[in-house]
J.: 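A single structure is presented below for examination.
Note that the structure is a prediction, hence the values are computed from the model and not measured.
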Amino acid sequence: MGSKHRLCNREEVVIPCASDSDSESVDLQLSNLEDIKKGPSSLELTVLDSDISDIFGLPKESLTDSFRHLTHQGPLSETTVEKLIGSIQEFFNGELKSELEKLTFLRSLSSLSRTLPYDETTESFIHSYIADIVHILNMLVEEEPLHSLFSPVRQEVFVTITDLSYQHVHLLFGSEDRDDLFSLITKSIIALPSIKTLTQLQEVMPSGSYDSECLYRQTFQAFCEMLQSLVVKDPHLENLDTILKHMDPWLQSVKDHERERATTSMAQVLKCLSRHLDLKLPLRFQRLGHLVALMAILCGDPLKELAKEAAEGTHYLLHITLRLKYITQDKKNHQSLRRAMKKCQELLDLYSIKQFYNCPFKIAQVFEVFLNSNELCQFVMTTLDGLKNLKHPYTQQSAGELLITLVKYAESRFEKVPEIIGAICARLSLITHPRVRQQVINTVSLFLSRPKYTDTVISHLLCHPVPYDRCLAELWRTLEVELPSTTWILWRLMRKLQKCHNVPTQEKMAYVAVAVTDALYEVFVGNRLRAATFRLFPQLLMTLLVQIHHSIGLTMSDVAIPSGLYTEQEMPSKVSTITPLCFAIQATKALLFRTLCWQEFHIMEKNKGWTLLAGKASHLQGVSLLANALLEKNHLIAHKVIYLLVPLLNKGNDKHKLTSAGFFVELLQSPVARRLPSIYSVDRLKDWLQHGNNLFRILALRGLRYLVKHQKMREDIKKLLPTILDLLCETDEKIVLLAIQILLQLVRTIDFTTLTAMMRTLYSLFDDVRPDVQHFSMTLFGAAIKSVKYTDKKKVENQVLDSLIPLLLYSQDENDAVAEASRRVLTICSQFLKWRLPHEVYCKGPWYINPSEVGTICKFFGKKLTGKVNILAQTMMFSRNAKLPIRRAAVLCIGLFSKYVDHSKLRMKSTDWIEDDLKDLLNDPEPSMRIVASQALFRVQMVGAEPDPRQTFFRLWKLMGCLPT
């Protein structure tokens with residue numbers, strides 16, 4: 001470039017923004033490509049390098065054709081060279097203060113560079129002083145103001161670097177200082193204010209004789225030519241890599257004029273490179289995917305001129321990509337490139353060329369054919385950065401379309417999916433446009449729906465703090481997945497949680513269990529996987545119930561949280577405000593609500609079911625409530641659950657088994673239970689009866705209680721009678737009561753020997769401190785009496801007689817149910833004995849209120865039992881009963897019974913043992929007890945003090961002289 005072209009005054013405005021054919025470069029090249037596309041055999045390639053150029057209509061230019069200005073002058077004389085070297089050395093030793101001195105230095109250096117091909121002195125000089133030259137150029141650029149352009153110094157710096165580059169002297173590569181210089185000069189031109197601002201500034205601050213607009217255009221053109229000079233001979237593309245590194249931030253600038261300058265510069269570089277491409281291995285350019293993404297995004301820029309420049313650059317980049325792929329292609333696998341070229345042609349056939357280069361997602365669709373997995377990952381990462389950095393909604397939208405298209409068409413070739421998902425999660429909060437946010441989320445959905453990546457994506461999404469922030473919650477809620485894939489995704493998510501339940505109970509809960517639970521909650525709330533949620537409802541429900549059981553009593557301190565997941569500031573608040581149980585409960589509630597189980601939800605809420613589920617002691621009660629609600633309101637789903645649970649009952653740890661067993665047992669009430677083979681029903685319950693954990697034994701008894709209603713299962717259950725009878729002696733009240741309830745249903749079928757043994761055990765439970773055990777043991781005792789066959793009645797008569805006094809006394813129990821059961825069984829006993837009880841027995845009031853009624857009752861039983869039962873001894877046993885009403889009734893009866901016993905036998909045995917016990921009761925803390933005891937003591941003493949009737953008779957006879965002396 002001669003000096004007359006470098007500078008222009010205000011009267012002579014020359015705008016050399018492009019080379020000879022640049023003004024029509026885009027249209028020309030696009031038309032060429034369209035012409036080629038029209039040819040029927042345009043892409044019948046032999047995979048030769050020259051063919052690729054022909055396909056895209058790109059002429060091969062020689063260096064002399066492109067850069068004729070380098071050789072328009074003849075060789076310099078030796079004297080001139082020496083003068084130039086001397087002049088330059090003087091500048092090294094002095095200071096460049098004036099603009100003239102700066103320009104003189106730069107032009108001298110530029111002129112000297114032309115002698116490098118034939119002058120060894122010049123070559124030696126320049127190579128010896130490269131560090132000094134770089135330093136001075138750096139200083140010159142730093143002195144130029146960034147807010148204005150009044151001097152051609154920048155332009156001359158670019159020209160000088162260009163001239164040296166053509167002579168293979170690179171001032172911008174090879175060291176940290178040179179790299180800094182590259183960064184500085186790039187900023188010095190790209191970061192200038194817009195042309196409009198520069199023009200306005202010149203009007204306000206006139207300076208010099210240069211037209212600002214003209215000077216800017218020439219300076220910018222010099223900068224572009226400088227960049228082109230770096231890639232004219234760049235066989236390994238290492239210079240392109242460096243250029244991209246420095247242009248990268250400007251291509252993504254939020255300022256339109258900066259982004260436009262960077263795009264134009266890059267388009268010129270790609271155009272030059274495509275025309276002078278002479279690749280050799282090894283290639284140093286490793287960021288093809290990144291560059292393709294940048295250019296594609298810019299093709300959708302709202303600035304039309306910028307988008308046009310980007311489209312031109314993308315056109316040349318496609319040519320470069322094909323050449324690059326050809327040279328790096330395994331020679332044994334030409335067919336792969338041939339197929340890629342064919343697919344590229346097919347895609348281009350679908351679009352007009354201008355439409356193609358103005359549509360980012362179509363660009364992605366074509367380029368993905370040639371990009372390898374690493375380049376695809378770069379493409380995605382760059383697109384995500386574009387979504388974050390580009391503020392204009394239209395540009396964000398273009399980037400979003402670009403992203404979703406690339407993943408859709410190239411999903412099988414990605415290798416760095418976790419990094420991509422991580423980048424999406426990190427940038428999601430920065431994407432403001434709703435439609436673009438959904439496009440990004442759809443990208444995650446695409447990866448999720450491919451079985452190859454499902455587990456990888458899920459694992460990465462779960463490695464975030466819970467509760468999920470707004471963006472991650474939105475991601476889970478708005479997953480957009482094709483219907484066939486929804487079940488797969490939800491199932492894999494559920495399996496993550498199930499695997500945590502299959503391992504032995506750990507010291508700390510796995511963090512993934514809490515994360516999956518929160519993810520499931522968000523999925524249910526979003527309801528995008530609705531069909532899959534209905535389909536997997538039984539499995540999801542049981543998995544969440546098991547998770548609730550595991551979470552009871554835990555805080556986040558009891559969870560194995562990965563290091564670095566929470567900040568030190570977040571951790572204390574998270575630990576104190578959230579618990580794993582909260583996540584499990586809310587996920588279960590959301591599941592019921594979203595699957596239309598509203599009545600079941602209401603039953604749980606009305607009966608405090610959620611509180612029961614969350615309680616350590618009441619968890620199984622909550623499970624039972626939900627199972628019964630489901631069985632009542634949605635029996636079809638309940639039937640599915642029962643079959644699902646069969647294989648799960650022996651899997652997982654104890655908490656998993658317990659919750660599954662609790663639900664399974666309640667569903668045995670269903671008629672479907674009859675169809676279950678014995679091995680899955682009665683046999684399994686039999687095993688649980690022998691379990692060391694009482695909860696399993698309770699569940700086994702509940703299950704047997706339900707199954708015994710089915711006639712065909714009774715015979716199998718009857719085989720368990722010895723075990724069930726042994727359970728009547730258990731200390732756990734629930735076990736005893738359930739055993740009694742089962743026996744009540746089987747009592748009519750029990751053989752006589754077993755029946756009598758059972759009656760003896762039940763008799764011992766009459767005075768049990770547990771009211772319900774008392775009540776039901778009496779009830780079963782009465783049922784047993786009624787089931788005795790006529791031929792066996794005499795054999796159990798004594799057992800019945802022995803039970804009468806206890807039953808009579810317990811009719812005064814403070815517990816109404818026990819008292820009522822006693823009276824009812826007394827009636828059964830009297831019928832068995834063919835007695836007719838006095839109606840006073842059925843009076844519900846305390847005996848001490850109506851002494852006459854008590855007298856009638858005691859007279860009846862005293863006469864009936866005399867000689868059959870030692871009623872005084874039996875009654876005295878209850879005088880020490882812990883319950884006041886029983887103790888008082890017993891003492892009251894002792895005094896009255898004493899009237900009806902054989903007095904001679906009583907005196908013979910002495911009443912001292914009765915009197916001693918009654919005397920002790922005179923010190924009872926209860927006043928009424930002391931009064932009743934004193935009355936009874938008096939009656940007993942009276943019986944003991946009465947003379948023998950026979951001695952009285954003989955004494956009277958003697959007094960009357962009736963007996964001989």
Side-chain angles (χ1 to χ4, degrees), residues 487 490-491 494-503 517 520 532-550 584 587-588 591-592 595 597 600 603-604 609 612-613 619-689 691 693 695-710 713 716-717 738:
T487 303
L490 198 55
W491 184 74
M494 180 182 67
R495 284 293 296 148
K496 289 275 186 185
L497 185 53
Q498 290 175 341
K499 287 179 181 178
C500 298
H501 301 157
N502 291 336
V503 298
T517 309
L520 286 171
T533 304
F534 274 96
R535 190 174 294 114
L536 294 176
F537 174 79
Q539 296 94 322
L540 288 166
L541 179 62
M542 292 312 307
T543 302
L544 289 171
L545 288 176
V546 173
Q547 177 62 16
I548 289 174
H549 197 172
H550 279 83
T588 309
L591 174 64
L592 289 179
T595 51
C597 295
E600 294 87 336
I603 291 172
M604 289 293 289
L612 292 174
L613 275 177
H619 173 72
L620 287 178
Q621 191 178 346
V623 171
S624 173
L625 178 64
L626 181 54
N628 279 287
L630 196 66
L631 191 59
E632 177 187 352
K633 303 297 182 181
N634 209 332
H635 63 277
L636 292 178
I637 292 181
H639 295 164
K640 291 181 181 179
V641 175
I642 194 170
Y643 287 113
L644 163 74
L645 287 171
V646 168
L648 297 180
L649 295 174
N650 288 330
K651 293 183 179 180
N653 54 36
D654 282 349
K655 290 183 178 180
H656 181 283
K657 292 175 182 176
L658 264 176
T659 301
S660 301
F663 211 97
F664 173 77
V665 161
E666 296 306 318
L667 297 183
L668 291 177
Q669 299 174 77
S670 167
V672 174
R674 291 179 299 180
R675 304 176 195 166
L676 290 174
S678 179
I679 191 174
Y680 298 133
S681 53
V682 178
D683 289 353
R684 179 155 286 162
L685 298 177
K686 176 185 175 182
D687 293 339
W688 291 350
L689 283 176
H691 203 284
N693 188 334
L695 292 175
F696 276 103
R697 299 165 78 187
I698 290 170
L699 292 174
L701 289 168
R702 288 177 70 90
L704 290 172
R705 184 184 65 179
Y706 298 140
L707 292 179
V708 77
K709 297 174 184 177
H710 304 304
M713 292 188 169
D716 290 332
I717 296 174
L738 286 167

J.: Tell me the closest heavy-atom pair linking Ile548 and Ala584, and the distance in Å.
T.: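 Closest approach of Ile548 to Ala584: CG1-CB, 3.5 Å.
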J.: Using every non-hydrogen atom in the two residues, find where Met713 and Ser681 come nearest and quote the distance to one decimal.
T.: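 Scanning both residues completely, I find the closest heavy atoms to be CE-OG, 4.1 Å.
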J.: What is the distance from atom CG of Leu689 to atom CD1 of Ile698, rounded to the nearest 0.5 Å?
T.: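 Nearest 0.5 Å value for the CG-CD1 distance: 11.5 Å.
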J.: Applying side-chain hydrogen bond (donor to acceptor under 3.5 Å, both in side chains), can you list everything that pairs with Gln539, at least two apart in sequence or on another chain?
T.: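 Per chain and number, Gln539 pairs via side-chain hydrogen bond (donor to acceptor under 3.5 Å, both in side chains) with no residue.
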J.: Can you name the closest pair of heavy atoms from Asn502 and Arg495 and give their distance?
T.: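 Scanning both residues, the minimum pair turns out to be ND2-NH1, 4.2 Å.
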J.: Are any non-hydrogen side-chain atoms of Asn693 and Asp654 less than 4.5 angstrom apart?
T.: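 Contact flag for Asn693/Asp654 side chains = no.
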J.: Which residue pairs pass the ring-ring contact (aromatic ring centres under 6.0 Å, His included) test when at least one of the two sits in residues 634-661, sequence neighbours left out?
T.: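 Non-adjacent pairs meeting ring-ring contact (aromatic ring centres under 6.0 Å, His included): His635-His639.
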J.: Applying salt bridge (charged side-chain N to carboxylate O under 4.0 Å, His left out), name anything that partners Glu666, two or more places apart in sequence or on another chain.
T.: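 Glu666 satisfies salt bridge (charged side-chain N to carboxylate O under 4.0 Å, His left out) with Arg702 only.
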J.: Within this structure, what is the CG-CZ distance for the pair Leu592 and Phe537, rounded to the nearest 0.5 Å?
T.: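 Going from CG on Leu592 over to CZ on Phe537, the span is 5.5 Å.
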J.: If you look at every heavy atom in Gly703 and Val665, which pair is closest and at what distance?
T.: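 Shortest heavy-atom contact: N-CG1, 3.4 Å.
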J.: Test of understanding: with side-chain hydrogen bond (donor to acceptor under 3.5 Å, both in side chains), list the residues that count as partners of Arg684, not counting sequence neighbours.
T.: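 So Arg684 forms no side-chain hydrogen bond (donor to acceptor under 3.5 Å, both in side chains) with any residue.
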J.: Tell me, please, which residues at least two apart from Thr588 pass side-chain hydrogen bond (donor to acceptor under 3.5 Å, both in side chains).
T.: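 With neighbours one apart ignored, the set is empty.
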J.: The test is side-chain contact (heavy atoms from CB on, under 4.5 Å); show your working for Leu497 and Leu520 and say whether it passes.
T.: CA-CA 10 Å; Leu497 185 53; Leu520 286 171; 4.3 Å; yes
J.: Measure the NZ-OG distance between Lys686 and Ser678 for me, rounded to the nearest 0.5 Å.
T.: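 The OG atom of Ser678 is 9.5 Å from NZ of Lys686, to the nearest 0.5 Å.
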J.: Around atom NZ of Lys640, are there more than 12 heavy atoms from other residues, nucleotides or ligands closer than 6.0 Å?
T.: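 12 or below, so no.
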J.: Report the distance from atom CZ of Phe663 to atom CG of Leu644, rounding to the nearest 0.5 Å.
T.: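 Separation between the atoms: 10.0 Å.
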J.: Please check if the number of heavy atoms outside Leu636 that lie under 6.0 Å from its CG is greater than 12.
T.: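 Enclosed.
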J.: Is any side-chain heavy atom of Leu668 closer than 4.5 Å to a side-chain heavy atom of Ile642?
T.: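 Yes - at least one pair of side-chain heavy atoms lies under 4.5 Å apart.
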J.: Is it true that the side chains of His619 and Thr659 contain a donor and an acceptor less than 3.5 Å apart?
T.: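 Judged by distance alone, the side chains do pair up.
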J.: So if I apply the side chain to side chain contact (heavy atoms under 4.5 Å, CB included) rule between Phe664 and each of Leu645, Leu648, Leu699, which one comes out positive?
T.: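 For Phe664, the side chain to side chain contact (heavy atoms under 4.5 Å, CB included) check succeeds only for Leu645.
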J.: Working to the nearest 0.5 Å, report the span between CD of Gln498 and OG1 of Thr543.
T.: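 Here the interatomic distance stands at 3.5 Å.
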J.: Do Val546 and His550 make a side-chain contact, defined as non-hydrogen atoms from C-beta onward lying under 4.5 Å apart?
T.: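 Yes. Closest side-chain heavy atoms under 4.5 Å.
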J.: For residues Leu704 and Leu685, report the shortest heavy-atom separation together with the two atoms involved.
T.: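 Closest pair (atom of Leu704, atom of Leu685, distance): N-CD1, 3.6 Å.
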J.: Between Arg674 and Pro671, is there a donor-acceptor pair closer than 3.5 Å when you use the side chain of the first and the backbone of the second?
T.: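 Checking the backbone N and O of Pro671 against the side chain of Arg674, a donor-acceptor pair under 3.5 Å is found.
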J.: Going by heavy atoms in the side chains, are Leu626 and Leu541 under 4.5 Å from each other?
T.: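 Yes, close enough: below the 4.5 Å cut-off.
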J.: Would you indicate whether the side-chain heavy atoms of Lys655 and His501 approach each other to under 4.5 Å?
T.: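 No, their side chains stay 4.5 Å or more apart.
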J.: Using side-chain hydrogen bond (donor to acceptor under 3.5 Å, both in side chains) as the criterion, list what pairs up with Thr595, not counting sequence neighbours.
T.: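 By the side-chain hydrogen bond (donor to acceptor under 3.5 Å, both in side chains) rule, Thr595 matches no residue at all.
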J.: Measuring from atom CG of Leu625 to atom CD of Glu600, what distance do you get when rounded to the nearest 0.5 angstrom?
T.: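 Rounded to the nearest 0.5 Å, the CG-CD separation comes to 11.0 Å.
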J.: Kindly give the heavy-atom pair with the smallest separation between Leu613 and Gly622, and that separation in Å.
T.: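 Of all heavy-atom pairs spanning Leu613 and Gly622, the closest is CD2-C, 3.6 Å.
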J.: Could you walk me through whether Asn628 and Glu632 satisfy the side-chain contact (heavy atoms from CB on, under 4.5 Å) test, starting with their C-alpha distance in whole Å, then the side-chain angles of each, then the deciding distance to 0.1 Å, before giving a yes or no?
T.: CA-CA 6 Å; Asn628 279 287; Glu632 177 187 352; over 6 Å; no
